[in-house]
Amino acid sequence: MLLKHRIAQLVTQAAQEAQRQGALPPGPVPEVEVERPQNPEHGDFAVSLPLKLARAARMNPMTIAQRLLPLMPVEEFILEARVWPPGFINFHVKQRWLQEQVEEVLGQGQRYGDLPQAQPLKVQVEFVSVNPTGPVHVGHARGAVLGSGLASILAAAGHHVSKEYYINDAGTQMGVFYRSLYARYLQALGREAPMPENGYMGDYMVELGREAAQEHGDRFARMPEVEAVAALGRLGLERMLAIIRADLEAVGVTFDVWFNEGSLYETGQYGEAMELLRRNGYLAQREGATWFSSTLLGEDKDNVLVRSTGEPTYFASDIAYHRNKFLVRGYDRVINIWGADHQGHVSRLKAAVGALGVDPGRLTVIISQLVTLKQGEEAVRASKRKGNIVTLRELVEEVGPDACRFFFLSRSPESQMEFDLDLAVQQSADNPVYYVQYAHARIASILRLARERGLDWSAGDVSLLTHEAEAALIRRMLQLPELVETMAQRLEPHHLPRYAMDLATAFHWFYQQCRVVSGEPEERAVSLARLKLVEACRVVLARCLSLMGMSAPERM
RNA sequence: GCCCCUGUAGCUCAGAGGAUAGAGCACCGGCCUCCGAAGCCGGUGGCGGCGGUUCGAGUCCGCCCAGGGGUACCA
């Protein structure tokens, strides 16, 4: 159990005991929140329960705190507790315990930061899912990095996580893509062919057309147009997906499942979903179309599922898709990461999930606000159709995958961010990401030197780690499991880069003050202890970097 | 109009109702005869506005101002 939870237990028990003894008036005891004080003077953990109880108990919070204190069976080897005005109880961990945690971290190794999970959930994180009508651009990168980071964190928190990409291969946009490709293909063969209205004008389409022409000659040109568009379209779709997959892999984003929208129709699941909605009383026929009666569930308006042309909307597909997630594949929890331009879709999808008989609370949609691009003074508008894409690939080539991930991971999804392309490139030479990686490389270098000198620190005595900077470093290292828990609960990966910075700072500060590999014989024992600490620090730093999907360099 | 997100340092952003609001970049000043100076130490500088709830508000509520997104038988 994490120490903070143990503390919550202790305080709760003390409060209940105080009530039993009449030292506190009876009444409900609120859930105890354990905080990490900013000021080190206030200890390692703090509880403000006395302040919260003061009003109901009609007592001075300091008095409450003082009465609670002796009732807490504080583990004497781990903690001591003190009362602080205006009514906090501050907990300090003992130096001895702190020192022993170095061994603990080393013992856990790469698993350090993993949480024991009594009730592991089957969780799906679906993200990116851009239409395969063009390459992934910078705007999607944010959701991509967010999703993969979140998945790593949930896995560390002990859940069974699956990362999924939903391929919208059945919609009207794909038709436009296919016809655009056909036109570019014919043009590559030197024929006159008009691009369709609202066609995809990007250079990559020209490239795809040329590729097809080179590989297949005029084979498709000799077919009837409808057939050619379909056959060529299949190829184009495959090609586009391969490009998308490769581009995402370049920023360390991978998926466990690539799910085809089309399969929902081929396997009859679309029909089953609609039938379920009908049975549950949420379908209505009106004006020649089929509607989802979302107003029955408190929505502002109903939504069309099947157009009067007989064509299903993407919303209908999405309902079938979510039926599949919950009722066919049985995910306990589904997390979708969408761009802000889909924000209006959230509540009706949740309503639809409810209409399928699934608790909508099992679906979480994280909206990542749009990334606005800026280059110099100019705002860049990324649009696939207009063709002025700034692709993810271009970005990764310029800034590098690690900086890219760190940058996107640092921001909370709900704040819109301005991505200054010039700045991103410029910062890549002087970026916080290198600060963290530098700490890791520095550690690697220290350990290399120690090995060269034939030092064996496996028997190092951690009780010699008494320096202020050593204690501060250990304290920081011990926060990772708590952080993983918080991030998994709140679905907020963006705390990780900041923590990694703090951890690196603690290490650099320690390094500045404490000589690790020393030639002096009388400092030998301390050296060995410090080498243990340094190695443990590397474990934590490496885990941070791996959770963020970044490399942990041995040298830079 | 209605709905969602956001206004925190010059810039980019963190801040589960707690104690003296933080970091990176930028700027100013110190620190390498010694394990990596891609580092360390110090300094300048800030919660859009007005009310309210609370022992306590950057955080919660209301109004105002500002920016972004959504509001289709588009995706």
Side-chain angles (χ1 to χ4, degrees), chain A residues 33 35 37-39 41-42 46-48 51-52 54-55 60-61 84-88 90 130-131 133 168 171-174 176 198 286-291 300-301 303-315 317-318 339-347 367-370 372 407 410-420 423-424 426-427 429-439 441-450 452-453 486 489-490 492 494-495 497-499 501-502 504-505 507-519 527 530-531 534 555-556:
Chain A
E33 285 165 34
E35 304 158 32
Q38 288 180 10
N39 186 339
E41 237 188 313
H42 299 141
V47 161
S48 61
L51 287 159
K52 292 183 165 63
R55 170 180 276 261
N60 182 314
W84 267 72
F88 291 97
N90 295 336
V130 286
N131 283 357
T133 53
N168 287 102
T172 50
Q173 286 307 311
M174 285 315 293
V176 178
N198 291 325
R286 216 162 45 234
E287 302 152 30
T290 305
W291 297 71
D300 291 340
K301 54 184 190 309
N303 298 96
V304 172
L305 294 176
V306 185
R307 302 180 181 93
S308 47
T309 60
E311 226 184 338
T313 60
Y314 88 111
F315 181 43
S317 290
D318 246 14
D341 50 342
H342 290 71
Q343 160 265 121
H345 185 49
V346 175
S347 70
I367 295 296
S368 84
Q369 293 297 320
L370 297 186
T372 54
F407 189 74
S410 303
R411 275 103 172 129
S412 77
E414 65 265 22
S415 66
Q416 54 203 73
M417 57 183 283
E418 187 169 84
F419 200 118
D420 188 323
L423 192 66
Q426 175 199 326
Q427 275 193 348
D430 196 9
N431 196 289
V433 67
Y434 295 111
Y435 179 82
V436 177
Q437 290 180 320
Y438 179 64
R442 215 176 197 187
I443 289 173
S445 159
I446 294 169
L447 298 179
R448 266 198 306 273
L449 178 72
E452 277 164 25
R453 299 212 181 157
T486 305
Q489 266 168 12
R490 291 160 56 177
E492 292 178 352
H494 69 268
H495 304 287
R498 201 157 290 272
Y499 171 75
M501 290 285 288
D502 290 342
T505 298
F507 172 75
H508 288 308
W509 191 58
F510 154 79
Y511 177 85
Q512 206 70 25
Q513 297 176 74
C514 300
R515 178 86 198 175
V516 180
V517 180
S518 167
S527 264
R530 286 180 175 162
L531 281 164
V534 166
R555 336 180 116 84
M556 296 171 66

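These numbers come from the heavy atoms of this one structure, side chains and all, not from hydrogens, waters or symmetry mates. Because the structure is a prediction, the values reported are computed rather than measured. Lettering follows sequence order; numbering is per chain, from 1.
- Within the nucleic acid shown, His508(A) comes within 4.0 Å of sugar-phosphate atoms alone, with no base atom in reach, counting heavy atoms only.
- Among the heavy atoms of the strands lying under 4.0 Å from Tyr435(A) are primed sugar atoms or P, OP1, OP2 only; no base atom is included.
- At the heavy-atom level, Ala289(A) lies under 4.0 Å from base atoms of the strands shown.
- Position along RNA chain B of the nearest nucleotide to Gln369(A) versus Lys301(A) favours Gln369(A) as the more 5'-ward residue.
- Under the 90° criterion around 0 for the glycosidic angle, rC32(B) counts as syn.
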Output one letter per nucleotide in nucleotides 53-61 of chain B: B when a protein non-hydrogen atom lies under 4.0 Å from the base, S when only the sugar-phosphate is that close, - when neither is. -SB------
Could you run through nucleotides 10-16 of chain B and give me one letter per nucleotide, 5' to 3': B if any protein heavy atom sits under 4.0 Å from the base, S if only the sugar-phosphate is that close, - if neither? --SBSSB
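- Not counting sequence neighbours, Gln369(A) has no partner by the side-chain hydrogen bond (donor to acceptor under 3.5 Å, both in side chains) test.
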RNA chain B base-pair string [pairs: Watson-Crick or G-U under 3.5 Å; |: paired with another strand]: (((((((..((((....[...)))).(((((.......)))))....(((((..]....))))))))))))....
Check the interface with nucleotides 34-36 of chain B: list each N/O to N/O pair with the protein under 3.5 Å, or write none.
unit_1: rC34(B); atom_1: O2'; unit_2: Arg515(A); atom_2: NH1; d: 2.4
unit_1: rC34(B); atom_1: O2'; unit_2: Arg515(A); atom_2: NH2; d: 2.9
unit_1: rC35(B); atom_1: O4'; unit_2: Arg515(A); atom_2: NH2; d: 3.0
unit_1: rC35(B); atom_1: O2; unit_2: Val516(A); atom_2: N; d: 3.4
unit_1: rC35(B); atom_1: O2; unit_2: Val517(A); atom_2: N; d: 2.6
unit_1: rC35(B); atom_1: N3; unit_2: Val516(A); atom_2: N; d: 2.9
unit_1: rC35(B); atom_1: N4; unit_2: Tyr511(A); atom_2: O; d: 2.8
unit_1: rC35(B); atom_1: N4; unit_2: Cys514(A); atom_2: O; d: 2.8
unit_1: rG36(B); atom_1: OP1; unit_2: Ser445(A); atom_2: OG; d: 2.7
unit_1: rG36(B); atom_1: O2'; unit_2: Tyr438(A); atom_2: OH; d: 2.5
unit_1: rG36(B); atom_1: O2'; unit_2: Arg442(A); atom_2: NE; d: 2.7
unit_1: rG36(B); atom_1: N7; unit_2: Ser445(A); atom_2: OG; d: 3.0
unit_1: rG36(B); atom_1: O6; unit_2: Met556(A); atom_2: N; d: 3.4

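- In this structure, Ala46(A) reaches the bases: a heavy-atom distance under 4.0 Å links it to at least one base atom across the strands shown.
- For the OP1/OP2 pair of rA75(B) and a distance below 4.0 Å, the side-chain nitrogens and oxygens of Thr172(A) include at least one atom meeting the criterion.
- Here Phe88(A) packs flat against the base of rA19(B); its ring centre is closer than 5.5 angstrom to the base's six-membered ring, tilted by less than 30 degrees.
- Not counting sequence neighbours, the partners of Arg286(A) by the side-chain hydrogen bond (donor to acceptor under 3.5 Å, both in side chains) test are Asp302(A).
- Nucleotides rU59(B) and rA14(B), compared at atom C1', are 13 Å apart to the nearest Å.
- Residue Glu35(A) is classed as a base contact, given a heavy-atom separation below 4.0 Å to a base.
- Map His42(A) and Gly288(A) each onto its nearest nucleotide of RNA chain B; the residue landing nearer the 5' end is His42(A).
- Checked against side-chain contact (heavy atoms from CB on, under 4.5 Å), Arg453(A) has the following partners two or more places apart in sequence or in another chain: Leu449(A), Leu455(A), Val517(A).
- Side-chain atoms of Asp341(A) lie closest to rG69(B) of the nucleotides rG69(B), rU20(B), rG24(B).
- Under the salt bridge (Lys or Arg N to Asp or Glu O under 4.0 Å) criterion, Asp502(A) pairs with Arg476(A), not counting sequence neighbours.
- Residue Trp509(A) places none of its side-chain N or O atoms closer than 4.0 Å to OP1 or OP2 of rG39(B).
- A distance-only check finds no donor-acceptor pair linking the side chain of Ser368(A) to the backbone of Pro413(A) [under 3.5 Å].
- One N or O donor and one acceptor, one from the side chain of Asn90(A) and one from the base of rA19(B), sit under 3.5 Å apart.
- Every residue two or more places apart in sequence or in another chain that forms a side-chain hydrogen bond (donor to acceptor under 3.5 Å, both in side chains) with Arg490(A) is listed here: Glu492(A).
- For the ring pair (Phe, Tyr, Trp, His ring centres under 6.0 Å) test, residues two or more places apart in sequence or in another chain that qualify with His42(A) are Trp84(A).
- No cation-pi contact links Arg442(A) to Phe507(A), judged by a cut-off of 6.0 Å to the six-membered ring centre and 45° from its axis.
- His342(A) does not qualify as a stacking partner of the rG70(B) base, lacking a centre-to-centre distance under 5.5 Å together with planes within 30°.
- For His508(A), the ring pair (Phe, Tyr, Trp, His ring centres under 6.0 Å) partners are Tyr435(A), Tyr438(A), not counting sequence neighbours.
- By the salt bridge (Lys or Arg N to Asp or Glu O under 4.0 Å) test, Arg530(A) is found to be paired with Glu470(A), residues two or more places apart in sequence or in another chain being considered.
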